[in-house]
Amino acid sequence: MKSVVLGPVLRPGEAGYAAECTGFNLLVEHRPAVVVGATCAADVQAAVEYASSNGLQIGVVCTGHQPFDPVRGSMMINTGRMGDVEVNPTNATVHVGAGARWQDVVDRAARHDLAPLCGSSPGVAVAGYVLGGGLSPFLGRTFGWAADHVLSLQVATADGCLREVSADSDPDLFWALRGGKSNFGVVTALQLALFPVKEFFGGGLYYAGDSTAVVLQAYRDLTDEAPEEMNSSVALLRLPPLPSVPEPLRGKLVVHVRIAYIGDPEEGARLVAPLRQVAPRVIDDVGLRSFPEFAAVHQEPTDPMPYEERSTLLEKLTPEAVDLLVEAAGPKSGCTVTIVDIRHLGGALARPPAIANAVGNRDAGFVVWGAAVGTHEVNAAPLERIETLIERLSAWGTGLKYLNFISGHDGAELAYAPHTYQRLRELKKVFDPDNTFSQNNHNIPPAA
(Lines give C-alpha, C1' and ligand atoms only; values in the text may rest on other atoms or scores of the structure.)
Protein backbone atom coordinates (compact mmCIF):
# COMPACT_ATOMS: atom_id res chain seq x y z
CA MET A 1 0.00 0.00 0.00
CA LYS A 2 2.91 2.38 0.70
CA SER A 3 3.80 2.30 -2.99
CA VAL A 4 0.45 3.76 -4.08
CA VAL A 5 -0.44 6.12 -1.19
CA LEU A 6 1.13 9.58 -1.26
CA GLY A 7 0.64 10.20 2.45
CA PRO A 8 2.25 8.35 5.36
CA VAL A 9 1.34 4.71 6.02
CA LEU A 10 2.42 3.87 9.57
CA ARG A 11 2.36 0.89 11.89
CA PRO A 12 2.85 0.74 15.66
CA GLY A 13 6.36 1.73 16.67
CA GLU A 14 7.12 3.74 13.54
CA ALA A 15 8.02 7.42 13.80
CA GLY A 16 4.95 9.62 13.55
CA TYR A 17 2.48 6.84 14.34
CA ALA A 18 1.34 8.24 17.70
CA ALA A 19 0.87 11.77 16.37
CA GLU A 20 -1.12 10.47 13.40
CA CYS A 21 -3.48 8.61 15.75
CA THR A 22 -4.01 11.39 18.30
CA GLY A 23 -7.06 13.64 18.03
CA PHE A 24 -8.50 16.51 20.04
CA ASN A 25 -9.96 14.29 22.77
CA LEU A 26 -6.97 12.96 24.66
CA LEU A 27 -9.00 10.25 26.40
CA VAL A 28 -9.39 8.39 23.10
CA GLU A 29 -6.13 6.49 22.57
CA HIS A 30 -6.28 4.86 19.15
CA ARG A 31 -3.97 1.90 18.43
CA PRO A 32 -4.78 0.75 14.88
CA ALA A 33 -2.81 -1.95 13.11
CA VAL A 34 -2.09 0.63 10.42
CA VAL A 35 -2.88 4.33 10.05
CA VAL A 36 -3.03 6.06 6.67
CA GLY A 37 -2.50 9.83 6.48
CA ALA A 38 -4.51 10.45 3.32
CA THR A 39 -3.64 13.44 1.16
CA CYS A 40 -6.26 12.98 -1.55
CA ALA A 41 -9.24 10.88 -2.63
CA ALA A 42 -6.95 8.38 -4.38
CA ASP A 43 -5.15 7.73 -1.09
CA VAL A 44 -8.46 7.05 0.62
CA GLN A 45 -9.61 4.76 -2.17
CA ALA A 46 -6.37 2.76 -2.05
CA ALA A 47 -6.60 2.43 1.72
CA VAL A 48 -10.20 1.21 1.56
CA GLU A 49 -9.31 -1.32 -1.15
CA TYR A 50 -6.43 -2.63 0.97
CA ALA A 51 -8.58 -2.89 4.10
CA SER A 52 -11.39 -4.68 2.27
CA SER A 53 -8.95 -7.13 0.67
CA ASN A 54 -7.27 -7.92 3.99
CA GLY A 55 -10.33 -8.13 6.22
CA LEU A 56 -9.55 -4.97 8.16
CA GLN A 57 -12.26 -2.80 9.61
CA ILE A 58 -11.90 0.96 9.12
CA GLY A 59 -12.19 3.99 11.35
CA VAL A 60 -12.01 7.55 10.00
CA VAL A 61 -10.58 10.46 11.98
CA CYS A 62 -9.86 14.09 11.20
CA THR A 63 -9.84 16.36 14.25
CA GLY A 64 -11.08 13.71 16.70
CA HIS A 65 -13.44 15.81 18.81
CA GLN A 66 -16.18 13.24 19.43
CA PRO A 67 -15.35 10.71 22.18
CA PHE A 68 -15.73 7.36 20.39
CA ASP A 69 -14.31 4.03 21.48
CA PRO A 70 -10.65 3.70 20.40
CA VAL A 71 -9.68 2.02 17.14
CA ARG A 72 -7.73 -1.14 17.96
CA GLY A 73 -6.16 -3.69 15.59
CA SER A 74 -7.77 -2.36 12.43
CA MET A 75 -7.15 0.48 9.96
CA MET A 76 -7.46 4.17 10.67
CA ILE A 77 -7.68 6.72 7.86
CA ASN A 78 -6.73 10.27 8.87
CA THR A 79 -8.26 12.79 6.45
CA GLY A 80 -6.81 15.85 8.18
CA ARG A 81 -4.52 16.77 5.27
CA MET A 82 -7.42 17.03 2.81
CA GLY A 83 -8.33 20.59 3.69
CA ASP A 84 -9.06 22.21 0.34
CA VAL A 85 -11.83 24.86 0.25
CA GLU A 86 -13.19 26.33 -3.00
CA VAL A 87 -16.03 28.87 -2.95
CA ASN A 88 -18.24 29.45 -5.98
CA PRO A 89 -19.84 32.86 -5.31
CA THR A 90 -21.97 32.69 -8.45
CA ASN A 91 -24.14 29.86 -7.16
CA ALA A 92 -23.34 30.38 -3.44
CA THR A 93 -21.73 26.98 -2.87
CA VAL A 94 -18.49 25.69 -1.42
CA HIS A 95 -16.51 22.55 -2.24
CA VAL A 96 -14.64 21.28 0.83
CA GLY A 97 -12.21 18.43 1.33
CA ALA A 98 -12.78 15.95 4.14
CA GLY A 99 -10.14 17.62 6.31
CA ALA A 100 -11.41 21.21 6.06
CA ARG A 101 -12.07 23.01 9.36
CA TRP A 102 -14.91 25.46 9.89
CA GLN A 103 -12.79 28.57 10.37
CA ASP A 104 -11.19 28.02 6.97
CA VAL A 105 -14.57 27.67 5.28
CA VAL A 106 -16.04 30.68 7.08
CA ASP A 107 -13.08 32.89 6.15
CA ARG A 108 -13.17 31.90 2.47
CA ALA A 109 -16.95 32.34 2.22
CA ALA A 110 -16.82 35.73 3.97
CA ARG A 111 -14.78 37.18 1.09
CA HIS A 112 -18.02 36.97 -0.88
CA ASP A 113 -20.39 38.00 1.97
CA LEU A 114 -21.52 34.38 2.34
CA ALA A 115 -21.60 32.02 5.33
CA PRO A 116 -21.88 28.24 5.92
CA LEU A 117 -23.97 26.44 8.52
CA CYS A 118 -20.97 26.08 10.82
CA GLY A 119 -20.72 24.76 14.35
CA SER A 120 -19.59 26.54 17.50
CA SER A 121 -15.92 25.52 17.29
CA PRO A 122 -13.60 26.89 14.60
CA GLY A 123 -11.38 23.80 14.70
CA VAL A 124 -14.01 21.08 14.16
CA ALA A 125 -13.84 19.26 10.82
CA VAL A 126 -16.65 19.99 8.39
CA ALA A 127 -17.24 16.43 7.16
CA GLY A 128 -18.01 14.63 10.43
CA TYR A 129 -20.12 17.54 11.66
CA VAL A 130 -22.25 17.63 8.49
CA LEU A 131 -22.62 13.85 8.17
CA GLY A 132 -23.96 13.74 11.73
CA GLY A 133 -26.62 16.34 10.94
CA GLY A 134 -24.82 19.60 11.66
CA LEU A 135 -26.53 21.79 14.27
CA SER A 136 -25.38 25.37 13.70
CA PRO A 137 -25.83 27.59 16.79
CA PHE A 138 -25.56 30.62 14.48
CA LEU A 139 -27.74 29.78 11.48
CA GLY A 140 -29.52 26.51 12.29
CA ARG A 141 -32.90 27.90 13.39
CA THR A 142 -32.78 30.28 10.44
CA PHE A 143 -31.85 27.85 7.64
CA GLY A 144 -31.97 24.27 9.00
CA TRP A 145 -29.54 21.39 9.52
CA ALA A 146 -26.25 21.48 7.64
CA ALA A 147 -27.01 18.03 6.20
CA ASP A 148 -30.17 19.48 4.61
CA HIS A 149 -27.99 21.69 2.42
CA VAL A 150 -25.50 19.16 1.07
CA LEU A 151 -25.61 19.20 -2.73
CA SER A 152 -23.26 16.29 -3.44
CA LEU A 153 -20.54 14.14 -1.89
CA GLN A 154 -17.54 12.17 -3.05
CA VAL A 155 -17.19 8.92 -1.12
CA ALA A 156 -15.03 5.79 -1.20
CA THR A 157 -17.30 2.81 -0.52
CA ALA A 158 -16.42 -0.64 0.76
CA ASP A 159 -16.31 -2.12 -2.76
CA GLY A 160 -13.33 0.12 -3.59
CA CYS A 161 -15.30 2.52 -5.77
CA LEU A 162 -14.92 6.29 -5.57
CA ARG A 163 -18.42 7.59 -6.14
CA GLU A 164 -19.88 11.02 -6.88
CA VAL A 165 -23.13 10.88 -4.94
CA SER A 166 -26.11 13.18 -5.32
CA ALA A 167 -29.89 12.98 -5.26
CA ASP A 168 -29.82 12.16 -8.96
CA SER A 169 -26.90 9.74 -9.13
CA ASP A 170 -27.64 7.57 -6.08
CA PRO A 171 -30.63 8.73 -4.01
CA ASP A 172 -30.44 5.90 -1.44
CA LEU A 173 -26.78 6.42 -0.60
CA PHE A 174 -27.28 10.21 -0.69
CA TRP A 175 -30.09 9.83 1.86
CA ALA A 176 -28.02 7.61 4.16
CA LEU A 177 -24.78 9.62 4.11
CA ARG A 178 -26.57 12.78 5.23
CA GLY A 179 -27.22 11.79 8.82
CA GLY A 180 -25.59 8.35 8.90
CA LYS A 181 -22.14 9.64 9.83
CA SER A 182 -19.22 7.45 8.57
CA ASN A 183 -21.13 4.17 8.35
CA PHE A 184 -21.39 4.00 4.56
CA GLY A 185 -17.94 4.95 3.33
CA VAL A 186 -15.17 7.51 3.67
CA VAL A 187 -16.39 10.88 2.45
CA THR A 188 -13.51 12.66 0.71
CA ALA A 189 -15.28 15.87 -0.33
CA LEU A 190 -18.62 17.68 -0.01
CA GLN A 191 -20.41 20.44 -1.89
CA LEU A 192 -22.46 22.63 0.45
CA ALA A 193 -24.82 25.57 0.05
CA LEU A 194 -23.80 28.95 1.46
CA PHE A 195 -26.06 31.75 2.68
CA PRO A 196 -26.02 35.55 2.23
CA VAL A 197 -24.89 36.43 5.74
CA LYS A 198 -21.90 38.69 6.38
CA GLU A 199 -22.59 39.80 9.98
CA PHE A 200 -24.77 39.05 12.97
CA PHE A 201 -25.79 40.59 16.27
CA GLY A 202 -24.32 38.31 18.90
CA GLY A 203 -21.82 37.39 21.54
CA GLY A 204 -21.94 36.27 25.15
CA LEU A 205 -23.65 37.43 28.33
CA TYR A 206 -21.91 36.11 31.45
CA TYR A 207 -23.50 36.11 34.90
CA ALA A 208 -22.33 35.04 38.34
CA GLY A 209 -23.50 31.61 39.42
CA ASP A 210 -25.86 32.95 42.08
CA SER A 211 -28.00 34.36 39.24
CA THR A 212 -28.50 30.92 37.68
CA ALA A 213 -32.23 30.61 38.43
CA VAL A 214 -33.31 34.04 37.18
CA VAL A 215 -31.09 33.87 34.08
CA LEU A 216 -32.34 30.42 33.06
CA GLN A 217 -35.95 31.53 33.46
CA ALA A 218 -35.27 34.67 31.42
CA TYR A 219 -33.58 32.54 28.77
CA ARG A 220 -36.59 30.23 28.68
CA ASP A 221 -38.81 33.29 28.17
CA LEU A 222 -36.59 34.42 25.27
CA THR A 223 -36.89 31.06 23.50
CA ASP A 224 -40.65 30.92 24.02
CA GLU A 225 -41.26 33.63 21.45
CA ALA A 226 -37.95 33.74 19.58
CA PRO A 227 -38.16 34.33 15.82
CA GLU A 228 -36.24 32.03 13.49
CA GLU A 229 -33.55 34.70 13.13
CA MET A 230 -32.65 34.19 16.81
CA ASN A 231 -30.17 31.38 17.46
CA SER A 232 -29.19 30.98 21.10
CA SER A 233 -27.95 28.71 23.85
CA VAL A 234 -27.06 28.88 27.53
CA ALA A 235 -24.39 27.05 29.51
CA LEU A 236 -23.56 26.54 33.16
CA LEU A 237 -19.75 26.68 33.24
CA ARG A 238 -17.38 25.67 35.99
CA LEU A 239 -14.13 27.02 34.64
CA PRO A 240 -10.78 25.96 36.09
CA PRO A 241 -8.61 28.38 38.11
CA LEU A 242 -6.10 28.80 35.29
CA PRO A 243 -4.37 31.99 34.08
CA SER A 244 -5.83 31.46 30.61
CA VAL A 245 -9.36 31.96 32.01
CA PRO A 246 -10.43 35.64 32.39
CA GLU A 247 -10.23 36.68 36.04
CA PRO A 248 -13.99 37.34 36.51
CA LEU A 249 -14.71 33.73 35.45
CA ARG A 250 -11.72 31.93 36.92
CA GLY A 251 -12.54 29.03 39.23
CA LYS A 252 -16.22 29.98 39.50
CA LEU A 253 -19.66 28.88 38.37
CA VAL A 254 -20.86 31.25 35.65
CA VAL A 255 -23.92 31.30 33.42
CA HIS A 256 -23.11 31.99 29.76
CA VAL A 257 -25.93 33.01 27.39
CA ARG A 258 -24.88 32.89 23.72
CA ILE A 259 -26.66 34.98 21.11
CA ALA A 260 -26.54 34.96 17.29
CA TYR A 261 -29.33 37.05 15.77
CA ILE A 262 -29.47 37.11 11.96
CA GLY A 263 -31.34 40.31 11.23
CA ASP A 264 -31.66 43.96 12.19
CA PRO A 265 -29.25 44.64 15.09
CA GLU A 266 -31.78 46.98 16.73
CA GLU A 267 -34.36 44.19 16.80
CA GLY A 268 -31.71 41.85 18.18
CA ALA A 269 -30.92 44.33 20.95
CA ARG A 270 -34.63 44.60 21.78
CA LEU A 271 -34.92 40.82 22.10
CA VAL A 272 -31.82 40.61 24.29
CA ALA A 273 -32.82 43.56 26.55
CA PRO A 274 -34.72 41.45 29.12
CA LEU A 275 -31.64 39.29 29.61
CA ARG A 276 -29.54 42.38 30.21
CA GLN A 277 -31.99 43.58 32.85
CA VAL A 278 -32.59 40.37 34.78
CA ALA A 279 -29.23 40.28 36.61
CA PRO A 280 -25.84 42.02 36.62
CA ARG A 281 -23.53 40.85 33.85
CA VAL A 282 -19.96 39.92 34.65
CA ILE A 283 -19.13 40.25 30.94
CA ASP A 284 -21.35 41.51 28.10
CA ASP A 285 -19.82 41.42 24.63
CA VAL A 286 -23.03 41.10 22.60
CA GLY A 287 -22.97 43.41 19.60
CA LEU A 288 -22.65 43.54 15.84
CA ARG A 289 -19.97 41.15 14.55
CA SER A 290 -18.64 40.05 11.19
CA PHE A 291 -19.40 36.39 10.58
CA PRO A 292 -15.72 35.31 10.72
CA GLU A 293 -15.83 36.30 14.42
CA PHE A 294 -18.26 33.44 15.14
CA ALA A 295 -15.81 31.63 17.43
CA ALA A 296 -15.94 34.52 19.94
CA VAL A 297 -19.54 33.66 20.86
CA HIS A 298 -19.01 30.24 22.43
CA GLN A 299 -15.30 30.60 23.25
CA GLU A 300 -14.73 26.88 22.66
CA PRO A 301 -11.32 25.55 23.78
CA THR A 302 -8.81 25.07 20.98
CA ASP A 303 -6.16 22.98 22.74
CA PRO A 304 -6.60 19.17 22.96
CA MET A 305 -7.99 17.90 26.26
CA PRO A 306 -9.44 14.76 27.87
CA TYR A 307 -13.23 14.79 28.29
CA GLU A 308 -16.38 12.68 28.32
CA GLU A 309 -19.93 13.74 27.50
CA ARG A 310 -23.59 12.79 27.70
CA SER A 311 -26.69 14.36 26.14
CA THR A 312 -30.43 14.22 25.62
CA LEU A 313 -33.18 15.96 23.65
CA LEU A 314 -36.14 17.79 25.19
CA GLU A 315 -39.50 18.53 23.61
CA LYS A 316 -39.69 21.78 25.57
CA LEU A 317 -37.94 23.71 28.33
CA THR A 318 -40.65 24.14 30.95
CA PRO A 319 -40.38 26.17 34.18
CA GLU A 320 -40.24 22.84 36.00
CA ALA A 321 -37.34 21.67 33.84
CA VAL A 322 -35.50 24.91 34.61
CA ASP A 323 -36.06 24.36 38.33
CA LEU A 324 -34.62 20.89 37.99
CA LEU A 325 -31.54 22.22 36.16
CA VAL A 326 -30.95 24.78 38.93
CA GLU A 327 -31.36 22.12 41.60
CA ALA A 328 -29.07 19.62 39.85
CA ALA A 329 -26.35 21.93 38.48
CA GLY A 330 -26.85 25.34 40.07
CA PRO A 331 -24.86 27.16 42.78
CA LYS A 332 -26.14 25.08 45.72
CA SER A 333 -26.02 21.70 43.99
CA GLY A 334 -22.44 20.66 44.73
CA CYS A 335 -22.19 19.78 41.04
CA THR A 336 -18.68 19.55 39.55
CA VAL A 337 -19.66 19.02 35.90
CA THR A 338 -17.51 21.27 33.70
CA ILE A 339 -20.33 22.35 31.39
CA VAL A 340 -24.08 21.85 31.12
CA ASP A 341 -25.12 23.25 27.75
CA ILE A 342 -28.68 23.89 26.53
CA ARG A 343 -29.20 24.75 22.85
CA HIS A 344 -32.45 25.97 21.33
CA LEU A 345 -33.75 24.02 18.33
CA GLY A 346 -36.99 24.50 16.40
CA GLY A 347 -37.48 27.02 13.63
CA ALA A 348 -36.04 25.78 10.34
CA LEU A 349 -34.51 22.81 12.19
CA ALA A 350 -38.04 21.47 12.66
CA ARG A 351 -38.94 21.51 8.97
CA PRO A 352 -38.34 18.61 6.55
CA PRO A 353 -35.58 19.21 3.99
CA ALA A 354 -36.19 19.74 0.29
CA ILE A 355 -34.51 16.37 -0.33
CA ALA A 356 -35.10 13.81 2.42
CA ASN A 357 -32.19 12.56 4.54
CA ALA A 358 -31.57 10.44 7.62
CA VAL A 359 -31.42 13.35 10.08
CA GLY A 360 -34.19 13.01 12.63
CA ASN A 361 -35.09 14.76 15.89
CA ARG A 362 -36.95 17.56 14.13
CA ASP A 363 -39.59 17.49 16.84
CA ALA A 364 -37.10 18.38 19.59
CA GLY A 365 -37.11 21.86 21.10
CA PHE A 366 -33.77 21.72 22.92
CA VAL A 367 -30.63 19.64 23.22
CA VAL A 368 -29.02 19.33 26.65
CA TRP A 369 -25.36 18.35 26.66
CA GLY A 370 -22.99 17.90 29.58
CA ALA A 371 -19.25 17.30 29.64
CA ALA A 372 -16.64 16.48 32.27
CA VAL A 373 -12.98 17.31 31.66
CA GLY A 374 -10.32 15.01 33.10
CA THR A 375 -9.26 11.40 33.31
CA HIS A 376 -11.78 8.56 33.50
CA GLU A 377 -11.26 8.42 37.27
CA VAL A 378 -11.73 12.17 37.73
CA ASN A 379 -14.80 12.17 35.49
CA ALA A 380 -16.62 9.30 37.23
CA ALA A 381 -18.57 11.42 39.71
CA PRO A 382 -19.42 14.29 37.30
CA LEU A 383 -20.60 11.82 34.66
CA GLU A 384 -22.85 10.12 37.18
CA ARG A 385 -24.27 13.56 37.95
CA ILE A 386 -24.92 14.24 34.25
CA GLU A 387 -26.58 10.84 33.78
CA THR A 388 -28.84 11.43 36.77
CA LEU A 389 -29.79 14.86 35.43
CA ILE A 390 -30.60 13.39 32.01
CA GLU A 391 -32.72 10.67 33.60
CA ARG A 392 -34.68 13.26 35.58
CA LEU A 393 -35.14 15.44 32.48
CA SER A 394 -36.71 12.49 30.65
CA ALA A 395 -40.13 13.73 31.76
CA TRP A 396 -39.73 16.37 29.04
CA GLY A 397 -37.55 14.30 26.70
CA THR A 398 -38.15 12.96 23.23
CA GLY A 399 -36.51 9.62 24.07
CA LEU A 400 -33.80 10.19 21.45
CA LYS A 401 -30.42 11.92 21.16
CA TYR A 402 -28.60 14.12 18.64
CA LEU A 403 -25.98 12.02 16.83
CA ASN A 404 -23.13 14.54 17.04
CA PHE A 405 -23.59 14.81 20.82
CA ILE A 406 -23.64 11.07 21.47
CA SER A 407 -20.50 9.61 23.00
CA GLY A 408 -19.23 6.08 22.47
CA HIS A 409 -21.17 5.25 25.63
CA ASP A 410 -24.43 5.21 23.62
CA GLY A 411 -25.57 3.33 20.52
CA ALA A 412 -26.51 4.79 17.13
CA GLU A 413 -30.10 3.60 17.43
CA LEU A 414 -30.69 6.32 20.06
CA ALA A 415 -30.38 8.98 17.34
CA TYR A 416 -33.13 7.72 15.01
CA ALA A 417 -36.79 6.87 14.86
CA PRO A 418 -37.20 3.07 14.49
CA HIS A 419 -38.18 3.18 10.80
CA THR A 420 -35.22 5.43 9.96
CA TYR A 421 -32.80 3.17 11.79
CA GLN A 422 -34.17 0.10 10.04
CA ARG A 423 -33.78 1.74 6.63
CA LEU A 424 -30.19 2.67 7.50
CA ARG A 425 -29.48 -0.97 8.42
CA GLU A 426 -30.99 -2.17 5.13
CA LEU A 427 -28.82 0.27 3.16
CA LYS A 428 -25.79 -0.71 5.22
CA LYS A 429 -26.37 -4.27 4.03
CA VAL A 430 -26.30 -3.00 0.43
CA PHE A 431 -23.26 -0.71 0.62
CA ASP A 432 -21.20 -2.27 3.43
CA PRO A 433 -22.41 -5.84 4.05
CA ASP A 434 -19.24 -6.80 5.96
CA ASN A 435 -19.50 -3.75 8.25
CA THR A 436 -16.07 -2.53 7.16
CA PHE A 437 -16.85 1.00 8.39
CA SER A 438 -17.44 0.09 12.01
CA GLN A 439 -14.66 1.87 13.93
CA ASN A 440 -14.53 5.35 15.49
CA ASN A 441 -18.24 5.93 14.85
CA HIS A 442 -21.67 5.06 16.17
CA ASN A 443 -21.85 1.84 14.26
CA ILE A 444 -24.96 0.92 12.32
CA PRO A 445 -24.72 -2.84 11.65
CA PRO A 446 -26.07 -4.34 8.41
CA ALA A 447 -29.54 -5.80 8.57
CA ALA A 448 -29.55 -9.50 9.36
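Predicted model only: the values in this text are computed from it and were never measured.
Under 4.0 Å is where a charged nitrogen must lie from a carboxylate oxygen, and between R163 and D159 at least one such pair does. Ion pairing of R425 with E413 is absent here, as no side-chain N (NZ or NE/NH1/NH2) approaches a carboxylate O to less than 4.0 Å. Here D84 does not pair with R108 in a salt bridge; the nearest charged N to carboxylate O distance is not below 4.0 Å. A salt bridge is absent between R101 and D107: the closest approach of a Lys/Arg side-chain nitrogen to an acidic carboxylate oxygen does not fall below 4.0 angstrom. Salt bridge R141/E228: absent, no basic N to carboxylate O contact under 4.0 Å. For the pair R81 and E20, the salt-bridge criterion is met [side-chain N within less than 4.0 Å of a carboxylate O].
Using cut-offs of 30° and 60° for the angle between ring planes, the F195 and F143 rings count as parallel. Ring geometry for F405 against W369 counts as tilted: the plane angle lies between 30° and 60°, on a 0 to 90° scale. In this structure, F294 and F291 have parallel ring planes: the angle between them is below the 30° cut-off, well short of the 60° mark. Taking the six-membered ring where tryptophan is involved, the planes of H256 and Y206 are essentially parallel, since the angle between them stays under 30° and well short of 60°.
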Listed pairs under 3.5 Å, donor-acceptor, residues 261-272 side chains, sequence neighbours left out:
from, atom 1, to, atom 2, distance (Å)
D264, OD1, E266, N, 3.1
E267, OE1, R270, NE, 3.0
E267, OE2, R270, NE, 3.3
E267, OE2, R270, NH2, 2.7

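Under the 6.0 Å cut-off for aromatic ring centres, H298 and F138 qualify, their centroids lying closer than that. Taking the six-membered ring for Trp and the full ring otherwise, W145 and Y402 have centroids separated by under 6.0 Å.
Considering D284, V234, V215 as possible partners of L205, the one that fulfils the side-chain contact (heavy atoms from CB on, under 4.5 Å) test is D284.
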